[in-house]
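Right, one structure below, let's go through it.
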Amino acid sequence: MTTGTDLEFTDPLPLEFYNRDPVVVARELLGKMLVRRTRQGLCAGRIVESEAYLAQNDPGCHAYGGRRTNRNATMFGQPGRAYVYLCHGKALICAVIEPEDTASVVLIRAIEPITGIELMAERRGNVPTCDLTRGPGKLCQALAIGLQHDGHDITKGTGLWIADHPDSKGVAISKSPRINVWATPDLELRFFITGNPYVSKSRGPFQTTFTGVIA
DNA sequence: CACAAGATTCTCT
DNA sequence: GAGAATCTTGTGA
């Protein structure tokens with residue numbers, strides 16, 4: 001973390017990381033680095049909040065009941081791709097999980113800015129640092145992630161990828177129901193780093209449960 | 001072709 | 001905390 005280069009971010013997580021149980025992947029993505037390189041420079045942040053959307057028995061999932069449209073086609077493709085779509089005019093980014101034709105994803109809801117904070121602030125209209133990436137739409141704007149990334153391979157280190165970040169080991173994590181997914185208030189499929197200030201909703205009408213530490 | 005629906009965010013009270 | 005803005009996509013006439 002002290003090299004002054006981006007070498008520590010250059011090893012993308014491999015496809016096998018994503019080809020597993022989406023709940024496990026959602027938990028294990030906490031603490032990892034989301035990295036974005038453009039001609040303007042390098043931006044990266046630690047993932048502090050994620051949500052799993054399941055191919056099976058999950059009415060909150062875009063692919064519920066095998067529903068397949070142009071928008072969600074990427075969900076049915078290979079793991080280790082980005083599923084980017086719009087909600088209320090804002091881009092949101094997920095990682096595609098599990099093998100082809102199994103349409104599970106993990107939504108990245110918040111990151112903690114680490115590198116390229118000035119560039120992120122520029123893209124976000126110079127809001128305070130604490131608001132740069134606290135929310136799925138905000139972090140996409142901060143990292144200049146858009147629909148052009150739908151289907152992008154995030155295992156190659158080309159422009160947009162996710163890398164390991166050993167510093168996060170031992171950090172406490174909690175779970176809760178997902179945010180703004182009214183269909184399934186009972187499913188605790190949201191995971192976040194306990195007490196991290198960049199988590200989008202630390203308080204809410206839902207229960208949060210301590211669920212362990214990062215391995 | 002019209003229209004409703006969001007895995008959101010911002011701007012007020 | 002409530003309400004509006006936002007804009008693409010999916011669906012049904």
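A note on names: the letters A, B, ... follow the listed sequences, proteins ahead of strands, and every chain is numbered from 1.
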For this session: Would you check if the side chain of A:R123 reaches a backbone N or O of A:M120 as a donor-acceptor pair within less than 3.5 Å?
Result: no

For this session: Determine the contact category for A:V84: base if any of its heavy atoms lies under 4.0 Å from a base atom, sugar-phosphate if only primed atoms, P, OP1 or OP2 are that close, otherwise nothing.
Result: nothing

Give every pair of a protein N or O atom and an N or O atom of nucleotides 2-5 of chain B that lie under 3.5 Å apart, one pair per line with the distance.
none

Exercise. Side-chain N or O of A:R67 less than 4.0 angstrom from OP1 or OP2 on C:dT11?
Worked result: yes

Exercise. Can you tell me if the side-chain N/O atoms of A:R190 get under 4.0 Å from OP1 or OP2 in B:dA7?
Worked result: no

For this session: Between C:dA4 and B:dA4, how far apart are the P atoms? Round to whole Å, please.
Result: 16 Å

For this session: Select base, sugar-phosphate, or nothing to describe what A:R124 touches, counting heavy atoms under 4.0 Å on all strands.
Result: sugar-phosphate

Problem set entry | Parallel, tilted or perpendicular: ring planes of A:H152 versus A:H149, cut at 30 and 60 degrees | perpendicular

Exercise. Does A:N180 place a side-chain N or O at less than 4.0 Å from the phosphate oxygens OP1/OP2 of B:dA7?
Worked result: no

For this session: Please confirm whether the backbone N or O of A:L139 pairs with a side-chain atom of A:R134, one donor and one acceptor, at under 3.5 Å?
Result: no

Problem set entry | Of A:G135 and A:H88, the one whose closest DNA chain B nucleotide lies more 5' | A:H88

For this session: Using modelled atom types only, decide if a donor and an acceptor are shared between the side chain of A:S168 and the backbone of A:G31 within a distance under 3.5 Å.
Result: yes

Exercise. Name the stems with DNA chain B in them: runs of three or more consecutive Watson-Crick or G-U pairs, distances under 3.5 Å?
Worked result: B:1-6 with C:7-12, B:8-12 with C:1-5

For this session: Using a 4.0 Å heavy-atom cut-off across all strands, classify A:R71 as base, sugar-phosphate, or nothing.
Result: sugar-phosphate

Problem set entry | Between A:Q141 and A:R124, a side-chain donor and acceptor under 3.5 Å | yes

Exercise. At under 4.0 Å, does any side-chain N or O of A:K90 touch on OP1 or OP2 of C:dA5?
Worked result: no

Exercise. Any chance the side chains of A:T133 and A:R46 put a donor and an acceptor closer than 3.5 Å?
Worked result: no

